[in-house]
Amino acid sequence: MNPIEYLKKCGFKITSDPHLMRPFGYRNYTVNGFNYDSYCGGYHRAYDLVKYDGADIPAVISGVVVRGTSNYGNFGATIVIANEALGIQVIYGHLKRNLTVNIGERVKFDQTIARQGNTNNLNAPMASHLHIQFQPYGYLREKEFVCNGISAKQIDLRKDKHFSGVFIPRFNMNIRKTSSLNGKILKVVKPNSQLSFNGVVFKDGHYWLKLKEGYVSSGTKSEQYGRFN
């Protein structure tokens, strides 16, 4: 599962998808003579999603709130969360003001960090939505920060040790006492079982999901043994 798939499962709908633009992210969005993408030369290398005005915004990765977070940031009320282990940072923009997270604070995957809004620094009308942008980890100068973005499709949430949710296997799966192919088998679960998990461990080439009792492999880097819900 990648972060956009996760947001869709949370009830968000994509309204602007950079993958549907050629080149990636070239939107050049103009309304009544105003170009919302002019600062970046017509590019919008980010995703816009909507649920409803004021909807809770969950963190799509765990990490640390970093510089760029402000009630009056580059994207209106803006939050930036960075995860050095994953090698990425995520920008959440156009949020409701009076942010409740602060620079230096650690947040967990799925933690509510803000609410959907329409704040911006363009002094332009804007419908309520979530602007979410993915970048390689590290400090960027202002224009690079605003304009650079990568695909969310390449981000596997299983790499986040705080990833949690429900796993539905496609096969009979062994539940093991430890996160290892050599771990004692506690029981075997059937396909389409709903396995709640809270955390991930990468070992023996597998992503092990931490269950209430034991661990189950969700697959390898190249293969996934089920789906997440």
Side-chain angles (χ1 to χ4, degrees), residues 2-21 25 27-40 42-83 88-135 140 142-152 155 157 160:
N2 65 54
I4 298 301
E5 291 172 331
Y6 163 69
L7 286 172
K8 289 169 68 176
K9 287 188 178 295
C10 292
F12 287 85
K13 296 181 179 179
I14 300 175
T15 56
S16 181
D17 186 343
H19 294 282
L20 300 180
M21 307 164 192
R27 187 175 68 166
N28 210 29
Y29 182 56
T30 304
V31 177
N32 296 325
F34 183 85
N35 189 319
Y36 287 78
D37 303 322
S38 61
Y39 182 70
C40 296
Y43 282 90
H44 181 261
R45 297 181 180 94
Y47 302 79
D48 287 346
L49 301 98
V50 63
K51 190 171 185 180
Y52 57 83
D53 186 51
D56 287 345
I57 304 297
V60 299
I61 61 168
S62 63
V64 179
V65 180
V66 297
R67 183 176 177 180
T69 297
S70 172
N71 279 298
Y72 294 88
N74 291 95
F75 300 95
T78 303
I79 293 174
V80 187
I81 296 176
N83 186 311
I88 62 171
Q89 61 190 26
V90 183
I91 301 170
Y92 306 77
H94 308 313
L95 309 170
K96 295 284 188 185
R97 290 203 166 100
N98 298 319
L99 299 176
T100 58
V101 296
N102 301 296
I103 293 174
E105 183 176 341
R106 291 189 175 274
V107 300
K108 292 184 177 181
F109 171 81
D110 194 44
Q111 177 181 332
T112 297
I113 56 171
R115 292 182 297 135
Q116 181 185 309
N118 67 344
T119 59
N120 65 87
N121 66 354
L122 300 174
N123 195 28
M126 182 176 288
S128 175
H129 70 285
L130 168 64
H131 169 104
I132 189 165
Q133 191 167 339
F134 303 89
Q135 298 174 334
L140 295 172
E142 183 177 17
K143 188 156 190 174
E144 293 172 323
F145 174 76
V146 173
C147 300
N148 287 5
I150 60 175
S151 169
I155 301 170
L157 291 180
D160 186 341

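Every heavy atom of this structure was used, including side-chain atoms; hydrogens, water molecules and symmetry mates were not.
- With values rounded to the nearest 0.5 angstrom, N71 atom CG is found 4.0 Å from L99 atom CG.
- Using a 4.5 Å heavy-atom threshold, the side chains of Y36 and N120 count as separate.
- The environment of NZ in K143 is crowded: more than 12 heavy-atom neighbours from other residues, nucleotides or ligands sit within 6.0 Å.
- When all heavy atoms are compared, the tightest approach of I14 to K8 is CD1-CD, 4.1 Å.
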Practice problem: May I have the step-by-step check of side chain to side chain contact (heavy atoms under 4.5 Å, CB included) for K96 and D53, ending in yes or no? | Solution: CA-CA 9 Å; K96 295 284 188 185; D53 186 51; 3.0 Å; yes
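- Under the 4.5 Å side-chain criterion, counting only non-hydrogen atoms from C-beta, P58 is in contact with L7.
- Taking the side chain as every heavy atom from C-beta outward, T69 and N102 never approach each other to under 4.5 Å.
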task: Report the C-alpha separation of S128 and V50 in whole Å, then their side-chain angles, then the decisive distance to 0.1 Å, and conclude whether the side chain to side chain contact (heavy atoms under 4.5 Å, CB included) test is met.
output: CA-CA 7 Å; S128 175; V50 63; 5.7 Å; no
**Message:** Please evaluate residues I113 and V65 with respect to the criterion side chain to side chain contact (heavy atoms under 4.5 Å, CB included), reporting the C-alpha separation (whole Å), side-chain torsions for both, the decisive distance (0.1 Å), and the verdict.
**Reply:** CA-CA 10 Å; I113 56 171; V65 180; over 6 Å; no
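- When I61, D160, I81 are each tested for a side chain to side chain contact (heavy atoms under 4.5 Å, CB included) with I88, only one passes: I61.
- Atoms CD1 and CD1, from I103 and I79 in turn, are 10.5 Å apart once rounded to the nearest 0.5 Å.
- Ring geometry, F134 versus Y47: the interplanar angle exceeds 60°, so the pair is classed perpendicular (tilted spans 30 to 60°).
- The neighbour count for Y39 OH, taken as heavy atoms of other residues, nucleotides or ligands under 6.0 Å away, is above 12.
- Rounding to the nearest 0.5 angstrom, the gap separating the CD1 atom in I4 from the CD1 atom in I132 is 5.5 Å.
- For the pair S70 and T78, the minimum side-chain heavy-atom distance is 4.5 Å or more.
- With sequence neighbours excluded, no residue forms a side-chain hydrogen bond (donor to acceptor under 3.5 Å, both in side chains) with E144.
- Taken to the nearest 0.5 Å, the CE atom of M21 stands 10.5 Å off from the OH atom of Y29.
- For the residue pair I57 and Q116, the shortest heavy atom distance occurs at CG1-N, 3.7 Å.
- The environment of CZ in R67 is sparse: at most 12 heavy-atom neighbours from other residues, nucleotides or ligands sit within 6.0 Å.
- Between H19 and S151, the shortest heavy-atom contact is CE1-OG, 2.9 Å.
- To the nearest 0.5 Å, atoms CG (N148) and CD (Q133) are separated by 8.0 Å.
- Not a single side-chain hydrogen bond (donor to acceptor under 3.5 Å, both in side chains) links Y92 to another residue, sequence neighbours left out.
- Exactly one of R27, K13, H94 qualifies for a side chain to side chain donor-acceptor pair (under 3.5 Å) with D48. That residue is R27.
- Side-chain contact between I150 and R45: absent, with no pair of heavy atoms (C-beta onward) separated by less than 4.5 Å.
- Closest approach of C40 and V146 over heavy atoms only: SG-CG1, 3.8 Å.
- A salt bridge does not link D56 with K51: every distance from a Lys NZ or Arg NE/NH1/NH2 to an Asp or Glu carboxylate oxygen is 4.0 Å or more.
- For the pair V60/I155, no side-chain contact is recorded, criterion being any heavy-atom separation below 4.5 Å from C-beta on.
- Rounding to the nearest 0.5 Å places OG1 of T119 at 9.0 Å from OH of Y72.
- Annotation for F145 and G68: closest pair CZ-CA, 4.5 Å, computed over non-hydrogen atoms.
- Ring-plane geometry between H44 and H131 is classed as perpendicular, the angle between the planes exceeding 60 degrees on a 0 to 90 degree scale with a lower cut at 30.
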